[in-house]
Student: 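Got a structure here, written out as structure tokens. Questions coming.
Lettering follows sequence order; numbering is per chain, from 1. Model, not experiment: these values are computed from the prediction.
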Amino acid sequence: MNADLRPLPRAFFARNSVDVARDLLGHFLVHETRQGRLVGRIVEVEAYRGPRDPASHAYRLTPRSRIMWSQPGTAYVYFTYGNHYCLNVVCEPEGTAGAVLFRALQPVEGRDVMRRARGVDAPHLLASGPGRLTQAMAVGPEHNGADLTRPPLYVAYGDPAGVRIKRSGRIGITAAAGRPWRFYADRSPFVSRR
DNA sequence: ATCTAGATCGGCT
DNA sequence: GCCGATCTAGATG
């Protein structure tokens, strides 16, 4: 992996979250930790919108969901099912709610650290699923509100042109008929639900 | 291959 | 009190 990773600018995230989700495929999620630099290629994401999207935490304004109205490029980390953390990046202009959930990565750098954190060996099981992804990337509740446009945790330019994009319904969502806002890299072994 | 339950707890009605 | 933007292990066909 080359050493040069440049963060995406804030303007990238200040758009419709569905467009941001699609455009995120092929770019990198990077975390510079004490253990070393962890890098994954983004291969699966889901878009969530505001009060008009019943599947979104921002369907209502609550203390937890408030952050989805904040500055684009901000991290939204939430806890679910008593066990797992999920990482999102806030989208849309400030004052409009929206976010993209990171669902799966292709591990690119720091695989050994990821293996240790996950307790599994197979590369396609390291970060294929939102809970697995945060565990592999050493992301937790302390990152809620972090700025994902600058180190140590950020989204960096990759190779989006080389991705065959597929779309589908969001996973685990019942109240979202007619909103196929999950995007993933076609035929990638690193997406969830293989 | 497909299903089921259990873990485990914060946020919300 | 209920249930979730999940994962894993174990059972069953």
Student: Can you pull the contact range of chain A along DNA chain C, 5' to 3', using atoms under 4.0 angstrom from its heavy atoms?
Tutor: C:dG4 to C:dT8
Student: Dot-bracket for DNA chain C, please. Rules: Watson-Crick or G-U, both distances under 3.5 Å, ( ) within the strand, [ ] when a pair crosses earlier ones, | for another strand, . otherwise.
Tutor: ||||.|||||||.
Student: Does the side chain of A:R66 pick up a donor-acceptor pair with the side chain of A:S70 at under 3.5 Å?
Tutor: no
Student: State, without any angle test, whether A:S56 and A:R49 hold a side-chain donor-acceptor pair at a distance under 3.5 Å.
Tutor: no
Student: Side chains of A:M137 and A:L105: closer than 4.5 Å at any heavy-atom pair?
Tutor: yes
Student: Side-chain contact, heavy-atom cut-off 4.5 Å: A:L38 with A:T33?
Tutor: yes
Student: Do NZ/NE/NH1/NH2 and the carboxylate oxygens of A:R37 and A:E109 come within less than 4.0 Å?
Tutor: yes
Student: Which part of the nucleic acid does A:R182 contact within heavy-atom distance under 4.0 Å: base, sugar-phosphate only, or nothing?
Tutor: nothing
Student: Over 60° means perpendicular and under 30° means parallel, so tell me whether A:H27 and A:Y157 are parallel, tilted or perpendicular.
Tutor: perpendicular
Student: Compute the centroid of each ring, for A:Y78 and then for A:H57, and state whether the two points are separated by less than 6.0 Å.
Tutor: yes
Student: Verify whether one side chain among A:Y154 and A:E32 offers a donor that lies under 3.5 Å from an acceptor in the other.
Tutor: yes
Student: Look at atom OH of A:Y59 and say whether more than 12 heavy atoms of other residues, nucleotides or ligands are closer to it than 6.0 Å.
Tutor: no
Student: Strictly under 4.0 angstrom, non-hydrogen atoms only: write out the protein contact profile of nucleotides 8-13 of chain B, one letter per nucleotide from the 5' end, B, S or -.
Tutor: BB-SSS
Student: Just by modelled atom types, is the A:T74 backbone N or O under 3.5 Å from a matching donor or acceptor in the A:D147 side chain?
Tutor: no
Student: Using the P atom on both, measure B:dT8 against C:dG1 and round to a whole Å.
Tutor: 22 Å
